[in-house]
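Worksheet: one structure, shown below.
Every chain is numbered from 1 and lettered A, B, ... according to where its sequence line falls, protein lines coming before strand lines.
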There are 2 protein chains.
Amino acid sequence: MKSNITMRDIAEKLGVSSVTVSKALNDKEGVSADLKLKIKKVAEEMGYRFNTVARAMKDGRSHNIGIIIPERFTGMTQSFYLNVYQSLSKSLEQKGYYGILHILSLNDEKSLVPPRIYLEQKVDGLIVLGQTNKAYIEMIQSVNIPVVFMDFYDEHTDMDSVTTDNFYGAYDLTNYLISKGHKEIAYVGNLYATSSIQDRFLGYYKSLLEHGLKRNDNYILNDRDEEGKYVDIELPDVIPSAFVCNCDQVARLLINKLIELGYQVPEDVSVVGFDNDVYATIGVPGLTTVAVDVEEMASIAVRFIDEKMKDFSKKFGRVQVKGRIIYRDSVSSPLTVSKKT
Amino acid sequence: MKSNITMRDIAEKLGVSSVTVSKALNDKEGVSADLKLKIKKVAEEMGYRFNTVARAMKDGRSHNIGIIIPERFTGMTQSFYLNVYQSLSKSLEQKGYYGILHILSLNDEKSLVPPRIYLEQKVDGLIVLGQTNKAYIEMIQSVNIPVVFMDFYDEHTDMDSVTTDNFYGAYDLTNYLISKGHKEIAYVGNLYATSSIQDRFLGYYKSLLEHGLKRNDNYILNDRDEEGKYVDIELPDVIPSAFVCNCDQVARLLINKLIELGYQVPEDVSVVGFDNDVYATIGVPGLTTVAVDVEEMASIAVRFIDEKMKDFSKKFGRVQVKGRIIYRDSVSSPLTVSKKT
DNA sequence: CTGAAAGCGCTTACAG
DNA sequence: CTGAAAGCGCTTACAG
């Protein structure tokens with residue numbers, strides 16, 4: 001492995017000082033245009049590669065941003081966060097940052113162990129992607145580098161977070177079902193599991209309220225236990241004409257269950273999901289759902305980190321990014337005749 | 001943002017030198033046990049965080065490893081590489097490295113632009129995850145830091161690569177179908193698209209040869225064009241009793257198509273996939289497939305990088321990691337009666 | 001326009 | 001066992 005070329009090597013070759021080389025290569029003032037060109041040419045020829053570490057040492061900024069994803073969101077089927085990570089990675093690169101992924105283990109979360117990337121001053125900022133427990137949020141908020149939360153928020157009023165507009169998305173979707181003529185609409189999701197599920201529920205509920213439809217407690221269906229493990233969905237005695245599911249995966253599970261029971265989707269029952277992930281397009285019928293604007297979310301989170309880097313006290317609060325409805329084949333107008341066998 | 005505590009701060013507080021602090025904190029020789037303990041205690045109290053950048057500056061190693069994924073493998077539905085990335089990230093962390101993701105754009109690949117993480121000396125090594133064009137492989141091989149390729153290889157004999165044992169997996173799976181009584185077995189996949197598809201085909205073919213079954217050219221079915229875009233699968237006039245698909249996604253597409261045509265899987269036709277990804281478990285029936293050992297692959301790739309770091313000339317060549325068959329419900333013994341309508 | 005000096009926070013010889 | 005000196009490769013502030 002040949003040792004690396006430094007600015008000093010270039011300087012010596014040209015009989016100038018390394019200060020001048022630094023100025024030339026960084027397009028700073030204080031070098032004649034002639035010399036600058038010559039320096040750049042020689043740098044190129046010698047295969048010079050800029051040493052980011054030395055720069056980091058000087059200005060105290062690594063230009064690395066840590067992205068923390070709690071372990072429980074990283075299972076095989078949960079590709080959403082990895083997609084977000086990818087978008088973040090792209091957005092960071094555009095601003096000259098680099099993302100370092102850290103999977104937060106259940107243990108470290110419980111024991112409130114700060115991520116090693118922080119303890120070793122490996123990163124200038126942190127993006128927490130996915131809900132952690134409250135104590136962990138507080139711990140991470142107390143850190144002396146910028147922190148932005150993604151895809152969740154909680155009662156801590158001083159946290160900066162970027163989430164998809166769950167409330168509006170579910171509201172929009174439910175309005176759509178109602179416009180199609182549905183009056184009996186169930187919601188599927190454990191209201192106590194995550195803030196997303198809660199907010200989507202509230203959006204659904206607002207739509208009911210606005211249209212003067214009564215909320216029916218039997219139409220709020222549980223889909224998972226407290227650890228997030230899916231449980232069998234217990235259907236009510238009277239099947240409603242439409243279901244708003246808190247996510248596409250659950251919508252797909254529900255559809256499979258309904259089909260097994262002899263119902264046809266969307267002829268007998270309409271079902272909508274949320275996320276527009278694989279589960280929306282795999283299987284028949286394709287799901288009408290809300291597509292989350294992952295790239296926009298990533299781009300905003302990165303901008304926030306960047307601005308907080310310049311002014312640590314800057315606050316953005318809770319920012320919501322609107323998604324949009326993707327229309328597929330899982331919704332139709334309800335049958336007017338009684339549909340219970 | 002309070003300025004950070006340094007070793008010198010600790011040294012001053014205790015009236016010792018920063019050299020001694022460095023030795024104590026790194027558990028090196030040359031400090032009395034007493035003093036070491038005291039130093040560690042004070043470091044803890046003062047909230048000292050080790051500065052990795054300074055260490056990197058000193059020893060010329062950033063401890064960052066770049067992970068390059070070609071853009072075309074990062075679409076919504078292709079979560080496999082992101083899962084590998086996640087495993088890599090974990091393995092790297094265990095050895096004290098940090099992974100930095102770089103999505104290789106189609107343009108940069110064509111123009112042979114080296115990744116910025118390399119040009120800026122941001123990383124000590126590179127893992128290329130997913131096949132690139134040959135010229136790009138050559139360019140990246142010429143770099144003066146360790147490189148390991150994952151999930152593909154090609155004619156360059158000097159490249160170190162870690163792949164899943166595609167050949168053996170498909171061979172194993174085809175043997176299984178034959179043991180179930182199948183004699184007419186088709187292979188689905190564009191043989192010219194990737195080395196994985198090719199090797200899986202060859203494993204399938206070896207199994208046929210070993211069992212004295214004749215290869216039938218009509219039983220080799222195309223699934224995608226040269227850009228990797230899926231095309232409609234053209235079924236042969238006589239439907240075989242079993243299909244070996246090059247991946248789960250294609251297996252699922254094929255099953256849906258067969259069902260549409262009125263066939264039942266596995267009653268009329270058996271289908272197997274490869275990868276054990278979402279497509280294997282989503283939909284009915286569940287796919288019999290080969291599970292790739294992602295964690296083992298990641299762990300080996302990281303070990304190779306680590307060892308090449310110590311000895312740049314070290315070669316490992318092509319290493320294959322065996323997967324294992326996951327038995328689900330997409331295979332049964334063939335009907336003995338004629339099955340063509 | 002050009003460059004000598006100092007420093008970022010560590011660690012590695014080496015001297016006492 | 002303890003520490004003064006030098007250096008990793010840059011950049012900043014200042015002097016000429």
Return the value, rounded to whole Å, for the distance between atom [atom1] of [X] and atom [atom2] of [N].
X	N	atom1	atom2	answer
D59(B)	dT12(C)	CG	P	8 Å
K122(A)	dC10(C)	NZ	C1'	14 Å
R61(A)	dC10(D)	CZ	P	19 Å
K28(A)	dT2(C)	NZ	P	17 Å
E12(A)	dC10(D)	CD	P	13 Å
D34(A)	dT2(C)	CG	C1'	14 Å
R8(A)	dT2(C)	CZ	P	19 Å
L25(B)	dC10(C)	CG	P	9 Å

Could you identify the nucleotide paired to dA13(D), looking across every strand shown and requiring Watson-Crick or G-U wobble geometry with both distances under 3.5 Å? none
Counterpart base for dA4(C), defined by Watson-Crick or G-U wobble contacts under 3.5 Å: none
Under 4.0 Å between a side-chain nitrogen and a carboxylate oxygen: does that hold for [X] and [Y]?
X	Y	result
K134(A)	E155(A)	yes
K38(A)	D34(A)	no
K41(A)	E45(A)	yes
E307(A)	R303(A)	yes

Whether the side chain of R49(A) engages the backbone of Y118(B) through a donor-acceptor N/O pair (distance < 3.5 Å, no angle test) should be reported. yes
Does [X] place a side-chain N or O at less than 4.0 Å from the phosphate oxygens OP1/OP2 of [N]?
X	N	result
S22(A)	dC10(D)	no
T6(A)	dG9(D)	no
T20(A)	dG3(C)	yes

What's [X] touching, base or sugar-phosphate or nothing? Going by heavy atoms closer than 4.0 Å.
X	answer
V53(A)	nothing
M7(B)	sugar-phosphate
G30(A)	base
N26(B)	sugar-phosphate

Which of these nucleotides, dT11(D), dT11(C), dG3(D), is closest to any side-chain atom of V16(B)? dG3(D)
Please pick, from dT2(D), dG9(D), dG3(C), the nucleotide with the shortest atom-to-atom distance to any side-chain atom of M57(A). dG9(D)
Between A54(A) and A33(B), name the one whose nearest nucleotide on DNA chain D is closer to the 5' end. A33(B)
Toward the 5' end of DNA chain D, by each residue's nearest nucleotide, K58(B) or S32(B): S32(B)
Quick one: do the D154(B) and H156(B) side chains pair a donor with an acceptor below 3.5 Å? yes
Heavy-atom nearest nucleotide on DNA chain C taken for Y48(B) and for K23(B); more 5' hit belongs to Y48(B)
